[in-house]
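Only one structure is covered here, and it is reproduced in the block below.
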Amino acid sequence: MQMIWHDLAFLHWPIEANLLRPFIPADLEIDTYDGRAWLGVVPFRMTEVCPRRVPRWLGGRDFAELNLRTYVRQRSNPEYPGVWFFSLDAASWLGVRVARLWYGLPYYDARISIEYQGAAIKYHSQRTHRRAPPAELAVTYEPTAPPQTATPGSFEYWLTERYALYSARARGKTGFGQTRIGHIHHRPWPLQPGKALIEKCDMTRLINLELPEIDPIVHVAKEVPVVAWGLQTI
C-alpha cells in the first residue's frame, strides 16, 4: 500500500511494562527505554491511500485515523523494533473493514473532526463502532520549534523511527493466534517538539488502564509519504 501521513501528534506517557504484558503475544518482548515502556496516542490523517502502482487519482482514499500503541521486538529475532497497536480508530467504513480482514488489526469506526487554527490543530475523535467500548480523544496540538530528524540512539529516535508493525488475531479473552510482521518504509520523520492541550482522552479504556496523570511528551510531524507491505508470519 502507499499513502501520505499528515499532521501527526505523537503523545507519549511512560508506563510499567508488566501492565501491558497481558495484551501482547508471548513471542513479542515489550521494548523499553531506560527501563520503562511507553504508551503512545497518535492522531493524524492519511491521504491518497491505495495499492502501490495504482494511480492515486484513480483509487486513493483520504481519512483521519487515531492509534493507541506501544513498542515491541521479537524475542527470537530482535532485529526489527516495531509497533504494537492496541486500537486504531478511523473515519473510513471501508478502510476499517479492509484493515481488520487483511491485516488482522484492531480497527474501529470513528467520527473524527480536524480544525486548523493557525499552527495549531484541534482534533476530536469519537468511536462509533458497534459492540466496541467507547473511546474519545479531544486534543489541540501544535509545534513549538522547527523540524529536524532525530539522532540515532536518542529517545526521540527510539519512539518514532520504527519500520515494522506486529499483529496477531485475538483468540478468546487472553489468547493470540500466530504473530505476523509488516514492514513499512518512509524517510526519517521531520519531528518538531510540540505542546498539547488534552480535554479528554480515554483511549486506554479498551485495555483497562489509566494514563499517568502527567503531561505527555509531545512531538509533531507535518507530512511523510509511506509504503507498507503485507504481513508475514514470524
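Please read these numbers as outputs of a predicted model, since none were measured by experiment.
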May I ask whether [X] and [Y] are part of the same hydrophobic cluster, defined by side-chain heavy atoms of I, L, V, M, F, W, Y residues being less than 4.5 angstrom apart, directly or through others?
X	Y	answer
Leu159	Ile184	yes
Trp13	Leu206	no
Ile198	Ile214	yes
Leu197	Leu8	no
Phe155	Val83	yes

Please confirm whether the backbone N or O of [Y] pairs with a side-chain atom of [X], one donor and one acceptor, at under 3.5 Å?
X	Y	result
Asp89	Tyr108	no
Arg97	Trp93	yes
Arg162	Gly82	yes
Arg187	Val224	no
Arg127	Pro133	yes
Thr204	Leu209	yes

Can you confirm whether the side chains of Thr179 and Asp27 place a donor and an acceptor under 3.5 Å from each other?
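Their side chains do contain a donor-acceptor pair, which is all the 3.5 Å distance test asks for.
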So, Tyr116 versus Asp7: side-chain donor-acceptor pair below 3.5 Å or not?
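Yes, side-chain donor-acceptor contact under 3.5 Å.
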Kindly indicate whether the side chain of [X], heavy atoms from C-beta on, has any atom under 4.5 Å from the side chain of [Y].
X	Y	result
Leu88	Pro106	yes
Phe10	Ile217	no
Val41	Pro216	no
Pro188	Glu161	yes
Thr144	Val218	no
Glu142	Val220	no
Gln74	Leu28	yes
Ile234	Asn77	no

Quick one: do Glu136 and His124 satisfy side-chain contact (heavy atoms from CB on, under 4.5 Å)? Show the steps, please.
CA-CA 7 Å; Glu136 183 177 0; His124 181 241; 2.7 Å; yes
Would you find more than 12 non-hydrogen atoms of other residues, nucleotides or ligands less than 6.0 Å from [X] atom [atom1]?
X	atom1	answer
Gln117	CD	yes
Arg111	CZ	no
Glu16	CD	no

What is the distance from atom [atom1] of [X] to atom [atom2] of [Y], rounded to the nearest 0.5 Å?
X	Y	atom1	atom2	answer
Ile121	Glu115	CD1	CD	11.0 Å
Met46	Ile4	CE	CD1	11.5 Å
Trp102	Leu231	CH2	CG	9.0 Å
Leu137	Cys201	CG	SG	5.0 Å
Arg180	Leu165	CZ	CG	10.0 Å
Glu210	Asn208	CD	CG	9.5 Å

Which pair of non-hydrogen atoms, one from [X] and one from [Y], has the smallest distance, and what is that distance?
X	Y	result
Ser154	Tyr33	C-OH, 3.8 Å
Leu191	Ala221	CD2-CB, 4.5 Å
Gly177	Ala168	O-CB, 3.9 Å
Leu66	Met203	CD2-CE, 3.5 Å
Pro146	Pro193	O-CD, 4.2 Å
Ala26	Arg75	O-NE, 2.6 Å

Hey, can you tell me if [X] and [Y] have their rings parallel, tilted or perpendicular (30° and 60° cut-offs)?
X	Y	answer
Phe176	Trp84	perpendicular
His183	Tyr80	perpendicular
His186	Trp189	tilted

Can Asp62 and Arg45 be said to form a side-chain contact (heavy atoms from CB on, under 4.5 Å), step by step?
CA-CA 8 Å; Asp62 304 348; Arg45 64 184 181 91; over 6 Å; no
Taking 4.0 angstrom as the limit, do Arg100 and Asp109 come out as a salt bridge?
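Salt bridge between Arg100 and Asp109, a charged N being under 4.0 Å from a carboxylate O: no.
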Qualifying residue, where the test is ring pair (Phe, Tyr, Trp, His ring centres under 6.0 Å) with Tyr71 and the options are Trp38, Tyr166, Trp158
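When Trp38, Tyr166, Trp158 are each tested with Tyr71, the ring pair (Phe, Tyr, Trp, His ring centres under 6.0 Å) holds only for Trp158.
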Can you sort out the partners of Lys122 under salt bridge (Lys or Arg N to Asp or Glu O under 4.0 Å), two or more places apart, ordered by chain and number?
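Counting only residues at least two positions away or on another chain, Lys122 forms no salt bridge (Lys or Arg N to Asp or Glu O under 4.0 Å).
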Residues Met1, Val227; criterion side-chain contact (heavy atoms from CB on, under 4.5 Å); working and verdict
CA-CA 6 Å; Met1 299 290 291; Val227 175; over 6 Å; no
Start with the C-alpha gap between Tyr107 and Glu65, add the side-chain angles, then the distance that decides, and say whether side-chain contact (heavy atoms from CB on, under 4.5 Å) holds.
CA-CA 10 Å; Tyr107 266 85; Glu65 185 172 315; 3.1 Å; yes
